[in-house]
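Structure first, then comments.
Sequential numbering from 1 along the given sequence is applied to the chain's residues.
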Amino acid sequence: MRWSNVAVGALVFLTGCTTTTSEPTVTTAPPATTATTVPSTTTSSTTTTTSTTTTTVPSVLVDGEVFSAVGAPLPGTLIQSSIANAVVNELGAFTIELVPGDTVTISRPAWLTQEIEWSATQEGGESMNVVLEPRVVNALRVSRYVAMDAELFDAHLEMAASSSINALVFDTKDESGQVLYETAVAEADTLGAVNPIYDPTELLGKAKDAGLYTITRIVSFEDPIRVKADPDTKLRGAWVDPTNSDHWEYYLQLATEACELGFDEIQFDYVRFPAGLTGAALVGTFTADERVDAIGRYLAEGVARLHPLGCAVSADVFGIIFSSPTDEGIGQRVEEVTAIVDVVSPMLYPSHYSNGWLGFADPNDHPGPVIADALDDGAPRLAPTAIVRPWLQAFYYVPSQILAEIDEASQRGLGWMLWNAGGNYSPDALPAEPVP
């Protein structure tokens, strides 16, 4: 079975053009406020002046469409030429003004950027139909212990260089509530949350020099430091109330700062209500729809702020919601989450599944089948543009068990991320084949 976002090759159909697909981080100009940017006339011109001559180069309007490999429109994709920008509308269409010899850049966070050289000279009749590929990411998590130890971090870079690893996942704010670098977000200092154990600029520089895609986790609503320092934000225990949008700003400011520091993708973790709400002492009582709505609005605000800066947005979700039709009391449903963010990452840890799952006395003994079942359960419920990139268990397991998990994700055309709390990875657990 294949996912809706399987990369099957970049296809471009265009009169008089060539195309390339590139890996670098998408850099976007501010998006237009309407679905497309269309000049008021059907033709215009640009004028180039030298000391002796004036040359007029005619421009034309070119219509186009941007879709995924299975024909899903990709609204919000940015189209850039030397003289204009356009944004793909909800139907997948755009119109862009071009001059002969122009280079057209098609970019969308979490997808591979394409550059097309447009060389047609006739005025009218051209079309540009593009199929984008999702970025396939295979990542190691850089734990706080690795981030603060130059030798361990360099060892991660060496593993990436000799394997299919093409990305690293950092923590800038973790589940302890600590912000792990010198932040300029004032509230972090006010809360006493800053514990600068590493310099993200330094490590990002090393990662970029190695050609790696970079992601950072922003742990959101479990925040023991914040609820202790500011009890008005508390929902229950160490959890902040997600239904109050006033409580979002701190995390969104940290996410914006991380994007501006140079991370390619912001991953919101603990973006949920606490598990086990039944019978708990809560501030307020929430229905499933209210929970799902609160999480969805928070993630949508993150997308609205981070996409204009060029960052992709991802969300970590409980693995069980890929198999459950409900929100499991935490405000996460596959349909809603995947319709908002660029990437959804279910935490598919076999050790976290109950005994008897899939008929196995201990699911932890069957890593491959558990991963396969969860991914296949969730597949029919994904939004058309969703990219799935699961977290895979890299603790308790020997290399052959980790490779069994990776194989199930890879068979479905998916990337993956390995979780080990201490950052202890064996090179024998990493496939050697580079990502295409």
Side-chain angles (χ1 to χ4, degrees), residues 7 20-29 78 80 105-115 132-174 179-184 196-218 254-269 305-314 342-343 345 387 389 415-418 423 425 427 430 432-436:
T20 59
T21 301
S22 57
E23 287 281 355
T25 304
V26 174
T27 301
T28 64
L78 181 64
Q80 296 173 290
T105 302
I106 302 99
S107 59
R108 177 181 175 87
W111 296 66
L112 294 178
T113 297
Q114 286 191 33
E115 290 188 348
L132 284 188
E133 298 180 30
R135 183 182 296 276
V136 178
V137 168
N138 298 342
L140 298 178
R141 177 187 174 233
V142 178
S143 72
R144 63 160 59 203
Y145 310 106
V146 171
M148 62 194 300
D149 187 314
E151 186 175 340
L152 289 177
F153 183 76
D154 288 345
H156 278 47
L157 296 180
E158 291 171 7
M159 281 189 285
S162 60
S163 72
S164 62
I165 296 297
N166 63 355
L168 297 176
V169 184
F170 297 78
D171 290 350
T172 43
K173 178 187 176 293
D174 69 10
V179 178
L180 304 179
Y181 65 100
E182 288 284 6
T183 177
I197 64 171
Y198 77 100
D199 178 359
T201 303
E202 178 187 357
L203 298 195
L204 278 170
K206 288 185 175 182
K208 295 298 184 183
D209 288 345
L212 299 176
Y213 186 75
T214 56
I215 306 167
T216 190
R217 286 198 316 144
I218 304 286
L254 289 171
T256 298
E257 182 178 63
C259 185
E260 291 171 341
L261 284 170
F263 288 100
D264 297 309
E265 180 176 315
I266 308 303
Q267 183 182 94
F268 291 106
D269 200 357
R305 297 193 190 194
L306 296 168
H307 271 190
L309 299 176
C311 279
V313 177
S314 55
D342 302 300
V343 181
S345 294
I387 297 174
R389 186 195 307 139
W416 38 268
M417 300 173 291
L418 297 184
Y425 304 102
L430 306 178
E433 297 80 8
V435 175

Exercise. Is there a side-chain contact (heavy atoms from CB on, under 4.5 Å) between Thr183 and Leu254 once you walk through the steps?
Worked result: CA-CA 8 Å; Thr183 177; Leu254 289 171; 3.8 Å; yes

For this session: Could you check Phe153 against Leu203 for side-chain contact (heavy atoms from CB on, under 4.5 Å), going step by step and ending with a plain yes or no?
Result: CA-CA 8 Å; Phe153 183 76; Leu203 298 195; 3.9 Å; yes

For this session: Could you please spell out the steps behind the side-chain hydrogen bond (donor to acceptor under 3.5 Å, both in side chains) verdict for Ser314 and Ser345?
Result: CA-CA 7 Å; Ser314 55; Ser345 294; 5.4 Å; no

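Put simply, the side chain of Leu78 does not reach to within 4.5 Å of the side chain of Thr105, judged on heavy atoms. Here the side chains of Ile215 and Leu168 are not in contact, with every heavy-atom distance at 4.5 Å or above. Taking 4.5 Å as the limit, some side-chain heavy atom of Leu261 sits within range of a side-chain heavy atom of Thr201. Side-chain contact between Tyr425 and Leu418 is present, with heavy atoms from C-beta onward closer than 4.5 Å. Side chains of Lys173 and Leu180 form no contact here, defined as non-hydrogen atoms less than 4.5 Å apart. Between Gln114 and Arg108 the shortest side-chain heavy-atom distance does not fall below 4.5 Å.
For the pair Asn166 (side chain) and Asn138 (backbone), a donor-acceptor distance under 3.5 Å is present.
Here the CD-CG distance, from Glu257 to Leu309, works out to 12.0 Å after rounding to the nearest 0.5 Å. Once rounded to the nearest 0.5 Å, the distance linking CE of Met417 with CD1 of Ile165 reads 11.0 Å. For the atom pair CZ of Arg217 and CG of Asp269, the computed distance is 4.5 Å after rounding to the nearest 0.5 Å. Distance check, rounded to the nearest 0.5 Å: SG of Cys259 to CD1 of Ile266 gives 5.5 Å. Considering CD of Gln80 and CD of Glu115, their distance stands at 9.5 Å, rounded to 0.5 Å. Taken to the nearest 0.5 Å, the CG atom of Leu306 stands 5.5 Å off from the CZ atom of Phe268.
The list of salt bridge (charged side-chain N to carboxylate O under 4.0 Å, His left out) pairs with a residue in residues 153-168, not counting sequence neighbours, reads Asp154-Lys206.
Looking at Lys208 and Asp264, a side-chain N of the basic residue comes within less than 4.0 Å of a carboxylate O on the acidic one, giving a salt bridge.
Nearest heavy-atom pair across Trp111 and Pro134 is CE3-N, 3.3 Å. The two atoms that bring Thr113 and Ser107 nearest to each other are OG1-CB, 3.8 Å, heavy atoms only. Between Thr216 and Ala258, the shortest heavy-atom distance links the atoms CG2-CB, 3.8 Å. When all heavy atoms of Val137 and Ala167 are compared, the closest pair comes out as CG1-CB, 3.4 Å. The two residues Ala110 and Val343 have their closest heavy-atom pair at CB-CG2, 3.9 Å. Here the shortest heavy-atom pairing between Thr214 and Gly262 reads OG1-O, 3.8 Å.
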Distance-only criterion, 3.5 Å: show the donor-acceptor pairs between side-chain atoms of residues 139-146 and protein atoms not counting sequence neighbours.
| unit_1 | atom_1 | unit_2 | atom_2 | d |
| --- | --- | --- | --- | --- |
| Arg141 | NH2 | Asp171 | OD2 | 2.5 |
| Ser143 | OG | Tyr145 | N | 3.3 |
| Ser143 | OG | Val146 | N | 3.3 |
| Arg144 | NE | Asp174 | OD2 | 3.4 |
| Arg144 | NH1 | Gln178 | OE1 | 3.3 |
| Arg144 | NH2 | Asp174 | OD2 | 2.7 |
| Arg144 | NH2 | Gln178 | OE1 | 2.9 |

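A ring-centre distance under 6.0 Å is found for Phe170 and Phe263.
Checking Glu182 against Tyr198 by side-chain atom types alone, no donor-acceptor pair falls below 3.5 Å.
Scored by the salt bridge (Lys or Arg N to Asp or Glu O under 4.0 Å) test, Arg389 finds Glu265 as partners (sequence neighbours excluded).
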